[in-house]
Amino acid sequence: MRVVRPGFHASVYAAVRSVPAGTVTTYGDVGAALGSPRVARHVGWALAALTDDSVPWHRVVNASGRISFKGDTPRAVLQRARLEAEGIVFTSSGRIDGFSALRLTARDALLDAISDAPA
DNA sequence: CGTATGACTTTTA
DNA sequence: GTAAAAGCCATAC
């Protein structure tokens, strides 16, 4: 998907939209795919500004394979519910089962999508 | 233009 | 395995 002249968050949205259902990625990977591994915080920051469902923000978790939120917040519950609805399995520790592999799959899709829409 | 902030990451203990 | 501290950098004010 071609990004015309994005600000940073527009790039984030484009990248996250390219994440396939049933996979997950991290803030750092999204940032890295956009060309800057140091902007992980801003990926989350950009997603925080989202108000609609046009972006699958729930497929983005932190580098530990866990939900970033405290766990009792409405968004955390919603995120987990949506992921489970896509086939993601959580371990008893609250981590995503097979996180490493899912992350790689999503990263590959991200890079492929972004190579079609260079910064 | 300078300061504050944050849905993160990595290193160290 | 978890916990705490430092580092980064785009928005907001």
Side-chain angles (χ1 to χ4, degrees):
Chain A
M1 157 176 221
R2 239 158 261 249
V3 185
V4 188
R5 191 188 54 73
F8 185 78
H9 37 66
S11 298
V12 172
Y13 301 152
V16 175
R17 279 198 196 96
S18 71
V19 177
T23 70
V24 293
T25 188
T26 69
Y27 302 94
D29 281 351
V30 173
L34 294 177
S36 300
R38 307 306 154 86
V39 298
R41 305 187 85 146
H42 311 290
V43 174
W45 194 89
L47 294 181
L50 282 175
T51 55
D52 57 88
D53 295 334
S54 63
V55 177
W57 55 269
H58 53 275
R59 292 178 200 148
V60 185
V61 297
N62 62 18
S64 304
R66 294 183 181 218
I67 307 289
S68 287
F69 306 98
K70 294 200 168 178
D72 58 339
T73 66
R75 277 194 170 162
V77 175
L78 176 61
Q79 178 167 23
R80 175 167 174 157
R82 282 184 166 183
L83 288 174
E84 289 179 328
E86 292 184 353
I88 301 297
V89 179
F90 285 83
T91 68
S92 54
S93 302
R95 262 184 295 163
I96 291 171
D97 184 38
F99 169 65
S100 189
L102 291 172
R103 175 184 177 178
L104 289 176
T105 302
R107 190 181 75 90
D108 189 52
L110 275 178
L111 293 175
D112 187 47
I114 290 176
S115 71
D116 184 45

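What you see is a predicted model; the values in this text were computed from it and never measured. Within every chain, numbering begins at 1; the chains are lettered A, B, ... in the order of the sequence lines, protein sequences first and strands thereafter.
- Legend: salt bridge (Lys or Arg N to Asp or Glu O under 4.0 Å) pairs involving residues 90-111 of chain A, not counting sequence neighbours, sorted by first then second residue: A/D29-A/R103.
- For residues 37-48 of chain A, the set of pairs meeting the salt bridge (Lys or Arg N to Asp or Glu O under 4.0 Å) definition, not counting sequence neighbours, is empty.
- Across all non-hydrogen atoms, the minimal contact from A/S18 to A/L110 is OG-CD2, 3.2 Å.
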Could you list the donor-acceptor pairs under 3.5 angstrom formed by side chains in residues 47-55 of chain A, with sequence neighbours left out?
unit_1 : atom_1 : unit_2 : atom_2 : d
A/D52  : OD1    : A/S54  : N      : 2.8
A/D52  : OD1    : A/S54  : OG     : 2.2
A/D53  : OD1    : A/R82  : NH2    : 3.1
A/D53  : OD2    : A/R82  : NH2    : 3.3

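- Classified by interplanar angle (parallel below 30°, tilted 30° to 60°, perpendicular above 60°), the ring pair A/F69/A/W57 is perpendicular.
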Would you give a per-nucleotide map of nucleotides 6-13 of chain B, 5' to 3', where B means the base has a protein non-hydrogen atom under 4.0 Å away, S means only the sugar-phosphate does, and - means neither? BBBS----
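- At a threshold of 4.5 Å between side-chain heavy atoms, the hydrophobic network of Ile, Leu, Val, Met, Phe, Trp and Tyr places A/Y27 and A/L104 in two separate groups.
- Judged as a salt bridge (Lys or Arg N to Asp or Glu O under 4.0 Å), the pairs with a partner in residues 56-68 of chain A (not counting sequence neighbours) are, in order, A/R59-A/E86.
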Pairs under 3.5 angstrom, nitrogen or oxygen only, protein versus nucleotides 2-4 of chain C, please.
unit_1 : atom_1 : unit_2 : atom_2 : d
C/dT2  : OP1    : A/R66  : NH2    : 2.8

